Protein chains: 2
Amino acid sequence: MSQLPTTFAALGNATRLAIVERLLAEGELSAGALQADSVTPPAMSRHFKVLREAGIVVQRVDAQRRLYSVKPEAVQAIGEWVLNFREFWAGSLDRLDAALKDAK
Amino acid sequence: MSQLPTTFAALGNATRLAIVERLLAEGELSAGALQADSVTPPAMSRHFKVLREAGIVVQRVDAQRRLYSVKPEAVQAIGEWVLNFREFWAGSLDRLDAALKDAK
DNA sequence: TTGTTAATTAACGTAAGTGATAATTAAGTA
DNA sequence: TACTTAATTATCACTTACGTTAATTAACAA
């Protein structure tokens, strides 16, 4: 069974999407560096857990710090889902198919 | 403000993702044709509402029937979100950028 | 050892999501 | 006018999601 619904659900929260976008833009960051002003650390911690369990991020331990980064496969899976329906885009996206394969 | 979290949240449910996938693969379908065995019609109806309010599908009325179809922009927005981080894919997806623009 | 920093887990309250059955609306059809 | 079909809205029950404060774990520093 596909875990795409789980992936989408995890990204279906503004705080978590912002976390993922920062990690994609800036690379590996600690929980503290990702801390949002609008939410408390415990709440952030549970958002990280949701992202981990959805297979979107991985955690690396460095002393007291927890360093997070995005798993490329997760974002790639979304890209491929969009591509599966490329006929919908007037068949103009076939080039992406090869591009995604190259990235593997 | 972006409505991407709303889009992802709407697709973060297996029943709704299945609805969207059928509409993408088969085109416009009625609520009845989309009816899943595992859920009751009222539940399906509310799933349609979530998808409508997220801007993912549009409803067209034909007598007693409600015909649904996917809004291309919604899927396109997801594709563009993935592309925004194409550096993450080793910069190999630049061709998709043009492809998505062509589809507009 | 004691204190500080970083992050998580525990416990709790409240809001939102999801499902069911029953009732309602609206449009055909006999 | 009934009757049937298609779908939605109303109501209710239950679960999950999300946020808070307090407590705990783990690692480093004085």
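None of these values were measured; they are calculated from a predicted model. Residue numbers begin at 1 in each chain, while the letters A, B, ... track the order of the sequences.
Rounding to the nearest 0.5 Å places CD1 of Ile19(A) at 12.0 Å from CG of Leu24(A).
Taking only side-chain nitrogens and oxygens, Asn13(B) never comes nearer than 4.0 Å to OP1 or OP2 of dG17(C). For the OP1/OP2 pair of dG19(C) and a distance below 4.0 Å, the side-chain nitrogens and oxygens of Thr40(B) include no atom meeting the criterion. Distances shown here put a side-chain N or O of Gln59(A) below 4.0 Å from the OP1 or OP2 atom of dT8(C). Note on Arg65(B): a side-chain N or O is less than 4.0 Å away from OP1 or OP2 of dA6(D). OP1 or OP2 of dG17(C) has not a single side-chain nitrogen or oxygen of His47(B) nearer than 4.0 Å. Look at Arg16(B) and you'll find a side-chain N or O under 4.0 angstrom from OP1 or OP2 of dT18(C).
Comparing dT8(C), dT9(D), dA11(C) against the side chain of Ser45(B) picks out dT9(D) as the nearest. Nearest nucleotide to the side chain of Arg46(B), out of dT8(D), dA20(C), dA26(D): dA20(C). Distances were taken from every side-chain heavy atom of Arg52(A) (C-beta onward) to each of dT8(D), dT8(C), dA20(C); the shortest belongs to dT8(C).
When rounded to the nearest whole Å, the span between CZ of Arg66(A) and P of dT25(D) equals 14 Å. Going from atom NZ of Lys49(B) over to atom C1' of dG19(C) covers 16 Å, rounded to whole Å. Atom CG in Asp62(A) sits roughly 12 Å away from atom P in dA27(D) (whole-Å rounding). Nucleotide dC18(D) holds its P atom 13 Å from the CD atom of Glu53(A), rounded to whole Å. The CE atom of Met44(B) sits 13 Å away from the C1' atom of dT8(D) (whole-angstrom rounding). The nearest whole Å value for the distance from the CZ atom in Phe48(A) to the P atom in dA7(C) is 8 Å. Distance, Leu67(B) CG to dT5(D) C1': 15 Å, rounded to whole Å. Atom P of nucleotide dG17(C) and atom CZ of Phe8(B) are separated by 18 Å, given to the nearest angstrom.
Ring pair Phe8(B)/Phe8(A) is parallel by interplanar angle, where below 30° counts as parallel and above 60° as perpendicular.
Both Pro42(B) and Ala33(A) lie near DNA chain C, and the one whose nearest nucleotide falls closer to the 5' end is Ala33(A). A residue-by-residue look at Val50(A) and Gln64(A) shows that Val50(A) has its nearest nucleotide of DNA chain D further toward the 5' end.
Contacts of Ala63(B) with the nucleic acid, taken as non-hydrogen atoms under 4.0 Å apart, involve only primed sugar atoms and P, OP1 or OP2. Within 4.0 Å of Val39(A), counting heavy atoms only, lie sugar-phosphate atoms of the nucleic acid but no base atom. At the heavy-atom level, Gln35(B) lies nowhere under 4.0 Å from the strands shown.
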Report the C-alpha separation of Val20(B) and Leu11(B) in whole Å, then their side-chain angles, then the decisive distance to 0.1 Å, and conclude whether the side chain to side chain contact (heavy atoms under 4.5 Å, CB included) test is met. CA-CA 8 Å; Val20(B) 171; Leu11(B) 298 177; 3.8 Å; yes
Begin from the C-alpha positions of Tyr68(A) and Arg60(A) and carry the test side chain to side chain donor-acceptor pair (under 3.5 Å) through to its verdict. CA-CA 6 Å; Tyr68(A) 291 99; Arg60(A) 193 168 67 86; over 6 Å; no
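Thr7(A) and Ile56(A) get closest at one heavy-atom pair: O-CD1, 3.8 Å. Closest non-hydrogen pair, Leu4(A) versus Ser2(A), comes out as N-OG, 3.0 Å.
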